[in-house]
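Note sheet for the following structure.
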Amino acid sequence: MLISEAYAQAAGGAGGGDLFAQLMPLVLIFVVFYFLLIRPQQQRMKKHKEMLGTLRRGDKVVTGGGIVAKVTKVREDNDVELEIADGVKITVVRDTIATVEAKTEAADSAGSGGDKGEGEKKGGLKKLLGG
């Protein structure tokens with residue numbers, strides 16, 4: 001009889017510390033999951049969103065379905081027109097583009113330089129058209 005009362009007193013007296021000790025493994029598991037799973041996923045999504053935001057006409061892309069195509073038109077309403085063969089164009093949702101294999105240079109950067117005149121613009125067009 002005396003021993004069972006002693007166990008009951010010991011168990012009731014240390015209740016506050018046990019709660020913290022019981023929650024600590026759960027907190028550690030959440031921290032590990034955050035750094036191993038959640039954070040890398042968020043960073044990948046952020047990079048993908050940036051890549052989709054910088055799509056330009058002429059970029060060579062691969063869609064989520066594995067179609068390799070060239071961007072012919074980037075629309076404002078989340079659609080992109082792709083050319084998958086000569087004269088065959090399809091419209092896809094921008095988010096379905098998985099990767100950009102080859103990027104074209106921006107039209108502004110090719111002709112930038114301020115006061116360089118008409119010759120630089122022709123060079124930029126030649127470069128853009130591959131000539």
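The shown structure was predicted, so the numbers you read here are calculated from the model rather than taken from an experiment.
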Quick one: do [X] and [Y] end up in the same hydrophobic cluster if we chain Ile, Leu, Val, Met, Phe, Trp and Tyr together by side-chain heavy atoms under 4.5 Å apart?
{"X": "L19", "Y": "L26", "answer": "yes"}
{"X": "V74", "Y": "I90", "answer": "yes"}
{"X": "F35", "Y": "I38", "answer": "yes"}

Over all heavy atoms of both residues, which pair between [X] and [Y] is shortest? Give the atoms and the distance, please.
{"X": "L55", "Y": "R94", "answer": "CD1-CG, 4.3 Å"}
{"X": "R57", "Y": "T104", "answer": "O-OG1, 3.3 Å"}
{"X": "L82", "Y": "V80", "answer": "CD2-CG1, 3.6 Å"}

State which residues pass side-chain contact (heavy atoms from CB on, under 4.5 Å) with [X]; sequence neighbours excluded, sorted by chain then number.
{"X": "L37", "answer": "F33"}
{"X": "V88", "answer": "I84, A85"}
{"X": "T54", "answer": "K103"}

Among pairs that include at least one residue of residues 19-39, which meet side-chain hydrogen bond (donor to acceptor under 3.5 Å, both in side chains), considering only residues two or more places apart or in two chains?
none
Here the side-chain hydrogen bond (donor to acceptor under 3.5 Å, both in side chains) pairs for residues 77-93, sequence neighbours left out, are T72-E81, R75-E81
With rounding to the nearest 0.5 angstrom, report the CD1 to CE distance, I29 to M24.
11.5 Å
What is the distance from atom CZ of R44 to atom CD of Q42, rounded to the nearest 0.5 Å?
11.0 Å
Side-chain atoms of residues 60-69: list all donor-acceptor pairs with protein atoms under 3.5 Å, sequence neighbours left out, distances to 0.1 Å.
from, atom 1, to, atom 2, distance (Å)
T63, OG1, G65, N, 3.4
T63, OG1, I67, N, 3.1

Any heavy-atom pair between the side chains of K47 and Q43 that's under 4.5 Å?
no
Residue set satisfying salt bridge (Lys or Arg N to Asp or Glu O under 4.0 Å) with K49, at least two apart, ordered chain then number -> none
Residues in side-chain hydrogen bond (donor to acceptor under 3.5 Å, both in side chains) with E50, at least two apart?
none
